[in-house]
Amino acid sequence: MKKYSILIFIVSLVALILFQHKVIMPFVYKVIQSDLFLVDSKDQGSQLPISTPLSEIAFMHCNNYIKSTLGSDVSVSFADKPLNAWSLGNYQYVINAEIDITSTTASTITKKYACRINYKNGDNDEGSLDFANWSIEGLSGLDSI
């Protein structure tokens with residue numbers, strides 16, 4: 001049996017590669033081309049920065065989340081507008097802004113942060129001011145605080 005072990009290994013490897021190439025990959029391509037992952041939404045993503053009423057509310061909710069996360073031992077002040085805001089589509093936004101943080105030692109530092117936030121109610125913007133209708137997907141830039 002030891003004589004044929006390398007031959008069996010090579011034949012099995014070739015069979016596995018052919019199976020992946022002829023069966024698995026065509027199936028993957030059909031799934032990718034289908035509408036399985038298509039999300040039909042009025043909110044289209046953009047590579048360019050945007051300024052819409054929902055992006056401004058997203059900026060406000062990100063700021064409120066940051067303020068509640070930092071607690072009362074630091075004083076924070078936010079800019080009036082974000083540096084940039086992008087729509088990822090389907091009511092998901094990335095907000096890039098600056099924050100001034102004053103600690104108890106009276107030293108003030110300016111930090112830039114990025115906040116990814118998602119509006120859960122889709123086309124219905126009636127509850128956009130309620131933070132319960134939003135979810136923070138990620139926050140970066142304020143890790144060292």
Side-chain angles (χ1 to χ4, degrees), residues 1-74 76-103 108-145:
M1 188 67 181
K2 285 189 174 187
K3 288 193 231 180
Y4 301 114
S5 62
I6 294 198
L7 181 62
I8 292 172
F9 174 74
I10 292 173
V11 169
S12 299
L13 183 63
V14 168
L16 183 64
I17 291 172
L18 284 175
F19 180 74
Q20 180 179 355
H21 183 69
K22 298 292 183 184
V23 176
I24 302 294
M25 290 310 293
F27 176 72
V28 169
Y29 289 136
K30 285 182 182 177
V31 169
I32 290 171
Q33 291 172 351
S34 74
D35 292 341
L36 182 64
F37 299 107
L38 179 66
V39 177
D40 191 21
S41 171
K42 291 181 183 176
D43 185 44
Q44 299 297 316
S46 173
Q47 293 180 353
L48 300 175
I50 61 165
S51 179
T52 64
L54 272 179
S55 69
E56 292 171 10
I57 294 171
F59 172 62
M60 177 191 70
H61 285 308
C62 283
N63 290 346
N64 291 339
Y65 176 78
I66 292 169
K67 193 172 192 175
S68 68
T69 303
L70 291 178
S72 60
D73 33 327
V74 294
V76 295
S77 65
F78 298 96
D80 294 334
K81 294 180 179 181
L83 296 172
N84 288 309
W86 294 273
S87 173
L88 301 177
N90 199 27
Y91 303 97
Q92 297 179 45
Y93 301 94
V94 174
I95 307 297
N96 181 348
E98 288 184 330
I99 179 174
D100 291 327
I101 304 169
T102 305
S103 63
T108 301
I109 56 172
T110 301
K111 291 277 207 174
K112 289 184 181 178
Y113 70 88
C115 174
R116 182 172 176 191
I117 188 168
N118 184 19
Y119 181 56
K120 300 176 193 175
N121 288 355
D123 296 337
N124 181 7
D125 61 350
E126 284 183 19
S128 61
L129 292 176
D130 185 9
F131 185 71
N133 296 326
W134 293 81
S135 63
I136 301 290
E137 304 293 329
L139 181 66
S140 66
L142 303 176
D143 301 333
S144 62
I145 298 173

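Source: prediction; values computed, not measured.
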Pairing residues for [X] by the side chain to side chain contact (heavy atoms under 4.5 Å, CB included) criterion, not counting sequence neighbours:
X    : answer
S87  : D43, I50, Y93
K120 : S135
D130 : A132, N133
T110 : E98, D100

Measuring only between side-chain heavy atoms, which start at C-beta, is [X] closer than 4.5 Å to [Y]?
X    : Y    : value
N63  : K67  : no
N121 : S128 : no
I57  : L129 : yes

*Once you round to the nearest 0.5 Å, how far does OH of Y65 lie from CZ of F131?*
7.5 Å

Please output the side-chain donor-acceptor pairs of residues 20-33 that fall under 3.5 Å, not counting sequence neighbours, one pair per line with the distance.
none

*Taking the six-membered ring for Trp, are F78 and Y113 parallel (under 30°), tilted (30 to 60°) or perpendicular (over 60°)?*
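The rings of F78 and Y113 stand perpendicular, inter-plane angle above 60°.
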
_Set of side chain to side chain donor-acceptor pair (under 3.5 Å) partners for T52, sequence neighbours left out_ =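 T52: side chain to side chain donor-acceptor pair (under 3.5 Å) contacts with S55.
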
*Evaluate the side-chain contact (heavy atoms from CB on, under 4.5 Å) criterion for residues I136 and R116: first the C-alpha distance (whole Å), next the side-chain angles of each, then the deciding distance (0.1 Å), finally the verdict.*
CA-CA 6 Å; I136 301 290; R116 182 172 176 191; over 6 Å; no

